[in-house]
Structure formats: structure tokens, C-alpha cells
Amino acid sequence: MYRHLEHRLAERLRQCLERRYLGVALPKVVVEQPPKVELGDFAIPLFPFAKPLRSAPLKIAETIRAEIGSIEGIAEMQVAPPGYLNVRIDRAWLAAALAADRKAAPDLSHGKILVEHSSINPNKAAHIGHLRNAILGDTFVRMERYAGREVDVQNYIDNTGVQVADVVVGFTHLEKKSRAEIEALARQPRFDYYCWDLYARVSQWYAEDKQNLGTRLSTLHALEEGGNETAAIAELISTAVLRRHLETMDRLDIEYDFLPRESEILHLHFWDAAFTKLKEAGVLTFENEGKNKGCWVMRRAGTADVARPLSPAKAGSGKANGREVPDDSGDQLDDRIVAIPIRPGVDIRASEIAEENQKVIVRSNGTVGYVGKDIAYHMWKFGLLGRDFGYRKSYRYPNQHDCWISTSPDDKNAEPTHPHFGDVAEIYNVIDARQSEAQSTVIEALRGLGHDEAADHYTHFSYEMVALTPRCAAELGYTLSEEDKTRSYIEVSGRKGFGVKADDLLDQLIASAKNEVDSRHPQLPDDDRRQIATQIAIGALRYFMLKYTKPSVIAFDFKDALSFEGETGPYAQYAVVRATSIFRKAEIDPETFAQNLSGNVTVADLAKYLTEDGANEIWELWLGASKTSYIIDQCIATREPAYLAKHVFQLAQLFNTFYHGHPILSEPEETRKRFLLATVGVVRRELLRALAVMGISVPPVM
RNA sequence: GGGCCCGUAGCUCAAACGGAUAGAGCAUCGGAUUUCUAAUCCGAGGGUUGCAGGUUCGAUUCCUGCCGGGCCUACCA
């Protein structure tokens with residue numbers, strides 16, 4: 001509603017100015033929201049027009065006001081110093097449209113969207129960092145679907161490599177378990193917790209004696225070779241842990257459509273196809289000398305060569321693994337080439353790319369690195385690779401929705417008929433900010449291949465990490481260094497087992513909510529109370545992860561995360577529950593009522609009650625309720641779901657104030673009572689919608 | 001060294017394109033209608049937006065330089 005009105009206003013204003021000032025190049029008309037309702041509903045600053053039109057902003061505003069004529073849905077315009085044109089909406093018009101719930105036709109002309117999120121390494125339990133990722137991703141998916149777009153959700157599974165090998169080492173060497181014993185453990189309810197601890201123990205074991213790293217290396221080789229006991233154990237572990245991740249996310253109503261696995265990208269030789277194309281296009285160059293001698297390299301994204309001496313390369317540490325990035329300073333796999341200091345003044349440009357700007361894609365031993373595989377995978381996403389995965393069903397959600405997983409096409413379980421994944425128009429990769437460089441490299445590779453359009457529709461949906469406050473770390477029983485105690489936050493580390501597990505947090509939230517529900521509604525059956533507590537817990541968690549803007553590091557603290565008061569999910573849920581209880585008491589079904597709002601309140605009544613003295617407060621409520629689509633558009637355009645969280649909170653806040661100040665069922669005047677009920681109905685409907693887009697459902701009572 | 005991000009109230013965070021008196025929550029203190037449930041509402045205190053310049057009608061926002069903090073920067077996966 002609000003959205004269409006805004007567009008119409010901007011368009012009419014532009015036309016008006018063009019007519020009045022023929023042949024003058026005009027700046028874009030921006031429509032803002034005045035700081036207070038008393039000033040109006042839209043504000044157009046006219047300062048940018050002063051210079052091109054050679055006229056004072058106030059004068060331009062006056063001209064527009066006099067000449068623009070009438071616009072459907074706009075009641076009046078006022079000129080406000082120092083240079084605004086303030087516009088009032090025709091309140092009855094907007095309210096009637098909102099009551100009728102007229103919807104715009106969805107725009108399906110853009111093609112399919114692919115959102116990749118979660119992408120947790122299948123070697124340990126999911127933690128709060130993964131929760132932020134999955135909740136951001138899932139909410140973005142819901143927003144795009146709300147806007148009418150077709151979306152596929154993928155969760156990339158890095159089931160090969162060091163992090164899985166480490167857990168295998170833990171089982172086979174530290175615990176000396178047989179495959180059958182591991183299989184039995186993998187059937188335990190929280191096998192991922194077991195792996196979490198084991199993973200940390202293995203890291204410790206490596207640190208104790210560097211000799212132990214030999215075991216890791218040989219395990220890794222066995223894994224890569226495949227067809228042996230070690231590979232079978234790795235497969236069984238990663239599959240079991242993946243299943244746990246799917247269950248954990250399912251608790252939060254997060255579902256996936258397809259799980260592409262790195263093992264298939266390897267075995268189906270996606271890379272070979274990509275490699276050929278990359279060489280042909282000259283994206284990769286072969287190094288004949290220098291530190292990267294014998295490698296195929298690419299220019300690091302965002303770098304340009306200038307003839308200047310290099311500073312000696314610094315020895316890095318830590319290790320990355322797939323979508324997850326270094327989480328410690330371990331250097332156990334330290335078999336890299338030691339950087340050779342370069343004398344100042346020496347031109348080291350052995351190839352066209354300065355050494356410091358080279359990103360190794362294919363190693364001198366001929367094997368491809370992570371970024372290379374990612375390039376191939378993204379060519380597949382855009383349908384540019386000429387190869388496809390095999391598919392089979394993997395996980396069925398309680399709502400009967402199937403999640404598919406990649407497999408080899410000649411796998412006997414591969415299904416000949418399957419949904420068509422990949423070959424999409426637009427992609428969003430929800431991956432934290434630490435992966436910016438790798439993501440940019442993939443985009444540049446696509447560009448280098450001549451796929452500019454694909455590159456332009458590739459979005460790294462970047463956000464900052466979740467860290468722990470020192471207090472939180474202490475509560476969890478970790479001993480902190482003096483330095484750590486002074487920090488505002490400390491990075492979590494899966495390798496050290498340092499972090500808050502997703503299921504633990506959810507369990508705590510549910511337990512805490514259950515306590516409240518138990519004391520408030522002792523008469524309800526326990527199952528109902530548990531269900532309500534779960535909804536509240538999910539609401540609290542999802543809201544918590546969404547209320548921070550993406551570039552902000554979340555310094556996690558149980559006190560804030562476990563709060564159900566103030567700016568939280570339960571606050572918004574509670575507003576809806578109060579609205580529902582009004583209807584319950586009135587013995588009106590709120591859904592039926594919402595569907596026939598226009599039949600319950602006339603335009604004349606709306607006009608009367610929304611414009612009388614003191615109506616501003618209620619008008620703000622209608623205005624806020626009309627903004628859902630507008631806000632979601634903003635969120636999509638800026639890729640910032642936090643705006644929706646803010647909006648939901650503000651609307652709930654307005655409603656709570658209204659609820660407190662306006663007794664509804666005891667209202668003596670019948671038409672006014674119906675109007676107030678309509679207000680409650682509209683706000684309730686829009687709050688429920690906005691919350692649903694955030695993945696938050698509302699219990700019947702709280 | 002280079003790249004990216006952050007610095008706003010005691011704490012945690014907002015402020016879309018530069019706009020009107022920089023806003024919320026938590027915490028603190030003081031209050032609230034026997035009503036549609038107080039997971040609520042009302043009020044109070046709390047700010048030189050890290051520092052210094054610049055751009056302009058106007059800067060928390062853009063530019064430059066400092067200060068402080070974080071992340072990334074391997075032939076790993």
C-alpha cells in the first residue's frame with residue numbers, strides 16, 4: 001500500500017517539475033519520512049533542486065503544491081521550512097485499501113534465485129555463529145519468496161578434507177573404535193556433541209606432539225584415495241553429523257532444498273571442466289619461477305600491479321576449511337613453502353601478476369585448491385559448466401518437503417527424475433565477512449571467463465561473526481588470559497571446542513520460556529506448554545540474530561540472548577497474543593474477521609475516526625501496518641534483514657501503547673468499537689505476516 | 001606492508017539515499033487504570049557521535065589525515 005503510494009507520489013512530482021521547468025536536468029526525487037506524524041506522512045526535501053532550477057527550495061515547494069493537482073491517495077501538501085514539501089496521505093483511502101488487503105501481482109520476470117547458507121563443516125555440532133548464518137539466510141529466503149520470487153536453498157557440505165579427517169583420527173587413533181562401534185555412536189541422539197569434544201581433543205593431541213600430525217596426513221591421503229575403511233568411516237561420520245545439523249536447523253523451521261557435497265564436485269570432475277575454460281580464457285596463468293613456481297595462479301581480487309619492491313612475505317598461520325574459516329592459530333599442517341625474503345629494489349614480476357597479488361588455484365603437484373573448486377561450483381550454479389550432479393532424496397521434513405543431496409549419477413540410489421537445481425539467474429551466498437576475498441576471487445574468475453552478467457548477479461551476502469563476551473566465556477568455564485579479559489569479545493573456535501552449541505542455546509531458551517509458561521498457565525496440558533515455550537524460544541533466538549545489522553559483530557552474552565523483555569521476539573509475539581485475546585473475549589474469529597475487514601468498517605467511519613482530534617496515534621498504527629511490503633523491499637534491496645526486525649518491534653510497540661490507552665470491548669459507541677477492532681485486526685494480520693517472514697510463529701497464549 | 005569492517009548514552013545497539021529536536025532496549029530511580037493478561041505501559045536522569053581538518057544551505061552519514069579495536073592477506077581444505 002504504502003509502497004505504491006510512495007512510487008506514485010515520486011512519479012507525479014517528477015512529471016510536475018518537468019512540465020514546469022522544461023529542458024532542465026533534474027536530480028532524482030527522494031521521498032523521506034518526516035520525523036513526526038504531525039508533519040505529515042511523506043517528506044520531499046527540495047534543497048537539491050534549488051541550484052538547477054535557480055529558485056529557493058521553499059518557492060519550488062510552493063510551486064509544486066499549487067500545480068501538481070490531485071493525486072489518488074494523497075490528501076494535502078504543506079510547505080515547511082527550511083525547504084520541505086510535506087505530504088499527508090488520505091487516511092481513509094489508505095486504511096480502506098489496507099482493510100481490503102489488495103495485493104500487487106508478484107513479479108516473476110527475474111528468474112530463479114539461489115540462496116546458499118549454513119554450510120557447516122560436518123565434523124562437529126553447529127554453534128551460535130552458524131545460527132546467525134542460517135537465520136540470516138533463511139530470513140532472506142522468506143523475504144524473496146514474500147516478494148514473489150522463486151528461490152532454491154542450498155547448503156554446501158564440505159565433507160572432504162582436514163576437518164573431517166581429524167574426527168576420523170579421533171575415533172580410530174585416540175578412541176581406537178571400530179567402524180561398527182562408530183556406527184552405533186552415530187545413532188546416538190547427539191552424535192555431533194560427541195564429535196565436538198573429540199575434535200577439540202584431537203587438536204590438543206596434535207599440539208602435544210607434532211609427530212601425531214603424521215597420522216592426520218596419512219588419514220587425509222586415505223580419504224582422498226577413497227574405497228577404503230578410512231573413507232567409509234569418514235562418510236559415515238559426515239553423514240551422521242550432517243543429519244544432526246539438519247535436525248538442529250529444522251527446530252528453527254529452517255529447511256533446505258539441495259545439499260551439494262564437495263565429494264561429488266571432486267568425483268564428478270567439475271574442476272576439470274572449469275580448468276579447461278579458465279585456461280582458454282587466460283584467467284589462470286602458469287608460473288615458471290618464484291615462490292609459486294609450477295602453480296596455476298589467478299590475480300587476487302581487487303589488486304593491481306605497480307612496479308615496486310615487495311616487502312618480505314609474512315608467515316601466516318591458521319587454516320581454513322571450506323565455508324568456515326580459520327578459528328585458531330594452530331600451525332600443525334605447516335608444510336608450506338617458507339617465504340623467501342626479497343631484496344628491496346628487485347623487480348620480482350616473474351609473470352604479469354606480482355607475486356603478492358597471486359592467488360594459487362592449482363598447486364605445483366597438480367591438485368586444485370578450495371577456491372578452484374568453488375569457481376567450478378559457481379559455474380555450475382549459473383549453468384555455465386556443462387556438467388551436473390546426480391541426485392537422491394536425503395531428508396524429509398515433517399511437512400513432507402524433501403531435501404535432496406548430491407550423488408554420483410551412476411549411484412544406484414540416484415533418482416532419474418529430480419527437481420532441476422542450478423542454472424539460476426541470481427545467487428546469494430550467505431558467508432561471513434572473513435570470506436570476502438575468496439568470494440571476490442570467484443566473482444573475478446566468472447568475469448574473466450566473460451560471464452559478466454553472472455558476476456553481476458553474484459552477491460556475497462556478507463555479515464560479521466558472532467563472538468563471545470569475556471564474561472560469557474568465563475561462565476562457560478574457560479580460563480582466559482589477562483589479555484582476553486580486556487577484549488570486548490573473543491572469537492569462537494570449533495577447533496578448541498570454544499563456543500556455544502546451537503542446540504544447547506535452544507534448550508536453554510526453551511527451558512527458560514517453559515518456566516514462565518508453567519507459572520502463567522498451570523491449567524494447560526504440559527504438551528501445550530512445551531509447544532508454547534518452544535515458539536517463544538525460537539522467536540527470541542531468531543529475533544536476537546536479526547536485530548543486529550550485518551556489519552556489527554555480535555558479542556554474545558546469555559543475559560541478552562535469553563531476554564524475553566524489551567526489544568525481543570517475545571515482545572512482538574506478545575503484542576499479537578494480546579490482539580488475539582481481544583477477539584477471543586469478543587468471540588470473534590480473528591482470521592475470518594481479517595478477511596472481511598471492509599465489511600466490518602465503512603470508509604466513512606475510517607475517515608471519521610482517523611482524522612478526528614487525537615487520532616494521530618491510531619493513524620500511526622495503520623500507517624505502520626501498511627508498510628510491511630515497503631520494508632521488505634528495502635530489506636531485499638539493501639540485503640539487510642535488520643530493518644524488518646526494527647519495523648516489527650516498532651509496530652508492536654505502537655500497538656502496546658494503543659492497547660493500553662484504548663479499552664476496546666467496553667467501548668460504548670458501536671461503530672467506534674468496530675473501528676477499534678478493525679485496527680487490532682489489521683495490525684495483528686501485518687504483525688503475523690512480518691513475523692512469519694522472520695520465521696517466527698506466534699503461540700495462542702503467552 | 002596491503003585490503004575490508006568497526007568506534008554513537010554506564011552496557012548492547014538504531015539512525016536506507018547527506019536532512020527537521022541523534023533514537024530504542026538493558027541497567028538505575030520513580031510511578032500505573034480491580035478492565036481485552038503487567039513477557040505490558042508512563043516518567044526521570046544519562047550525548048561535544050574517537051580526534052583534527054575538508055566538501056555545503058545542512059555531516060553520525062561523504063572525503064583526507066591521525067588514534068583505538070577486529071577480520072582477511074599460505075601451493076591447507
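Each chain gets a letter, A, B and so on, in the order its sequence line appears, and its residues count up from 1. Both backbone and side-chain heavy atoms feed into the values below; hydrogens, waters and symmetry mates do not.
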Asks: With a 4.0 Å cut-off on heavy atoms, is A:Tyr548 in touch with a base, just the backbone sugar-phosphate, or nothing at all?
Replies: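 Touches sugar-phosphate only.
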
Asks: C1' atom, B:U56 versus B:C51: distance in rounded Å?
Replies: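 Between the two C1' atoms, the distance is 22 Å.
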
Asks: Counting side-chain heavy atoms from C-beta on, which of B:A16, B:C71, B:U21 comes nearest to A:Gln634?
Replies: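 Shortest atom-to-atom distance from the side chain points to B:A16.
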
Asks: Can you find a donor-acceptor pair, distance only, under 3.5 Å between A:His660 side chain and B:U35 base?
Replies: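 Counting by modelled atom types and ignoring angles, no donor-acceptor contact under 3.5 Å is found here.
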
Asks: Quick one: which of B:A38, B:A14, B:C75 gets closest to the side chain of A:Tyr659?
Replies: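 Comparing B:A38, B:A14, B:C75 against the side chain of A:Tyr659, the answer is B:A38.
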
Asks: Taking 4.0 angstrom as the limit, do A:Glu444 and A:Arg299 come out as a salt bridge?
Replies: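 Salt bridge absent between A:Glu444 and A:Arg299.
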
Asks: Would you call the rings of A:Phe658 and A:Phe655 parallel, tilted or perpendicular, where under 30° means parallel and over 60° means perpendicular?
Replies: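 Taking A:Phe655 first and then A:Phe658, their aromatic rings sit tilted (interplane angle of 30° to 60°).
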
Asks: Could you give the distance separating B:G47 and B:U8 at their C1' atoms, to the nearest angstrom?
Replies: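 It comes out at 8 Å once rounded to the nearest Å.
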
Asks: Using the C1' atoms only, state how far B:A59 lies from B:G54, rounded to an integer number of Å.
Replies: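 It works out to 11 Å between them.
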
Asks: Are A:Asp41 and A:Arg88 close enough for a salt bridge, meaning some N to O gap below 4.0 Å?
Replies: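 Judged by the 4.0 Å cut-off on N to carboxylate O distance, A:Asp41 and A:Arg88 do not form a salt bridge.
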
Asks: Checking contacts here: which listed nucleotide (B:U35, B:C26, B:A16) is nearest the side-chain heavy atoms of A:Tyr630?
Replies: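 For the A:Tyr630 side chain, the nearest candidate turns out to be B:A16.
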
Asks: By nearest atom, which of the nucleotides B:C13, B:A20, B:C26 is closest to the A:Ala43 side chain?
Replies: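 Closest nucleotide to the A:Ala43 side chain: B:A20.
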
Asks: What integer number of Å spans the P atoms of B:A39 and B:A44?
Replies: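 Looking at atom P only, B:A39 and B:A44 are 24 Å apart.
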
Asks: Taking the side chain of A:Gln653 as its heavy atoms from C-beta onward, which of B:A16, B:G25, B:U73 lies nearest to it?
Replies: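 Minimum distance to the A:Gln653 side chain belongs to B:G25.
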
Asks: Out of B:U21, B:A20, B:C36, which has the shortest distance to the side chain of A:Asn86?
Replies: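 Closest nucleotide to the A:Asn86 side chain: B:A20.
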
Asks: Determine whether a donor-acceptor pair (one donor, one acceptor, N or O, separation below 3.5 Å) exists between the side chain of A:Ser364 and the base of B:C75.
Replies: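 By the distance-only test, yes, there is a pair.
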
Asks: We want to know whether A:Asn292 and A:Gln358 form a side-chain donor-acceptor pair, criterion being a heavy-atom distance below 3.5 angstrom.
Replies: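 Per modelled atom types, A:Asn292 and A:Gln358 side chains form a pair under 3.5 Å.
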
Asks: Whole-Å distance between B:A20 P and A:Glu38 CD?
Replies: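 Rounding to the nearest Å, CD of A:Glu38 and P of B:A20 are 15 Å apart.
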
Asks: Out of B:C13, B:U40, B:C75, which has the shortest distance to the side chain of A:Ser552?
Replies: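 The answer is B:C13, which lies nearest to the side chain.
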
Asks: Do A:Arg520 and A:Glu516 meet the salt-bridge criterion of a basic N to acidic O distance under 4.0 Å?
Replies: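 Answer for the salt bridge query: yes.
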
